[in-house]
Amino acid sequence: MIELRQDNFDPWHELNRYQQNLAPGKYGACCNFVGSMRDFNEGDVVAKMTLEHYPGMTEQFLQKICDEASEKWPLLDCLIIHRVGDIQPNDSIVLTAAWSAHRDASFAACRYLIEELKHRAPFWKKENTSTGDRWVSENTPPGS
Amino acid sequence: MIELRQDNFDPWHELNRYQQNLAPGKYGACCNFVGSMRDFNEGDVVAKMTLEHYPGMTEQFLQKICDEASEKWPLLDCLIIHRVGDIQPNDSIVLTAAWSAHRDASFAACRYLIEELKHRAPFWKKENTSTGDRWVSENTPPGS
Amino acid sequence: MKINVKFFASLREQIGQSDLSISCDNAPTALQVWQQASSQPSMPANILCAINMEYVEPNTLVNDGDEVAFFPPVTGGQQ
Amino acid sequence: MKINVKFFASLREQIGQSDLSISCDNAPTALQVWQQASSQPSMPANILCAINMEYVEPNTLVNDGDEVAFFPPVTGGQQ
């Protein structure tokens, strides 16, 4: 499942809630990654951040990488939750999670989801720092 | 931090609780892995499992791999929780988690913790199946 | 034919538009849509294009009613 | 000298003991402790040894008061 959120979310609460829908005793492994907002970046204090996205394409892209992960590895399920809009330091920005019988598949799939998301999903960050607003230039260009 | 537990634990509750002690805004990445008990293994239904360990050595070993991970990667913190004793299907068996500024370190450290634990930590599983009790022979031998 | 064009993020701010509609006689490429919509002859190499929400190369042909989006590199964050 | 010996898991069941204490005149190797404590002349290749809770090779010397543990391969689970 994929979800975009306007408000801060608790990744542990989301994982707990989502996992209750999975068949008990069938998954033996869950790897997940949570990205959250730091209050510093490239040497500057960051007070706030705005995450712009491309409504429609974002959801379609996130669903596509979930489908791709499920084709590449024997997963029972996977989950992506991503924030958009105004974000405060310490807020959760992204959660990716993958459930499988054994650990290799869950690690590989969780990593795949976050890397594909970071490299290709249409999100743009604008940081509010003490020296003004700035768009964050790409750190991990598509195709690299 | 490392902990052994006699009773079932909720990994999401533990992560939530533990993360509240970390400095807000300093970590940008948390990768974690949860291993839980499946109700099948090698084609058999498994009704119950007992996890024997070497009290004292287990704790020392888990602390050692946390220390090693913290030397290898720039981590803010790491956490291991492991069950011992009688375990039911769907119970959580192990949680490994690593917090860092950026995602590479958290993924690498989380994977390191679970692999070192699985290959070398003194735990032994005895499964209770429909054909009787059996010790689970090693799947990932030490040194491999 | 009528084509819907979108610009995002820093590009939206530079061009000063987020959504617009253009008319063409023949099916243009995404690059030709860029030229007409942005009034800039060349497209910077790092600009990404999508037609109907799928990534495409700038030489891809656009059809009547398509949505063509242009945006700067996505901000993935450090590994 | 006095040495504390422990067996775990399937080895504990096979040997029928979990904790015992043995006496030696000279500092033995872990292998010699195994021979005396288990009454088995050879140690299977997959058996692991620890002295004072640290993994060691079977030829490591044991000191007075040490805890020497023997156990089967740990059960890591499939990757």
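We name chains A, B, ... by the order of the sequence lines, and we start the count at 1 in each one.
- Ion pair A/Lys64/C/Glu54 not flagged as a salt bridge, since none of the NZ, NE, NH1 or NH2 atoms sits closer than 4.0 Å to an Asp/Glu carboxylate oxygen.
- Under a 3.5 Å cut-off, the side chain of C/Tyr55 and the backbone N or O of A/Arg120 do form a donor-acceptor pair.
- Note that the CZ atom of C/Phe71 and the CH2 atom of A/Trp124 stand 5.0 Å from one another [nearest 0.5 Å].
- Once rounded to the nearest 0.5 Å, the distance linking OG1 of C/Thr75 with CE of A/Met49 reads 7.5 Å.
- With a threshold of 4.5 angstrom between heavy atoms, C/Ala9 approaches chain A through its backbone and through its side chain.
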Q: Report the C-alpha distance between A/Lys126 and C/Glu13 in whole Å, list the side-chain angles of each, state the deciding distance to 0.1 Å, and finish with yes or no for side-chain contact (heavy atoms from CB on, under 4.5 Å).
A: CA-CA 12 Å; A/Lys126 191 178 211 174; C/Glu13 293 184 351; 2.4 Å; yes
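- A/His53 and C/Phe8 make their closest contact through O-CE2, 3.5 Å (heavy atoms, listed as atom of the first residue, atom of the second, distance).
- Remark: A/Tyr54 OH to C/Met53 CE distance equals 4.5 Å, nearest 0.5 Å.
- Between the CD atom in A/Glu52 and the OG atom in C/Ser18 there is a gap of 9.0 Å [rounded to 0.5 Å].
- For the pair A/His119 and C/Val74, the tightest heavy-atom approach, listed with the atom from each and the gap, is O-CG2, 3.2 Å.
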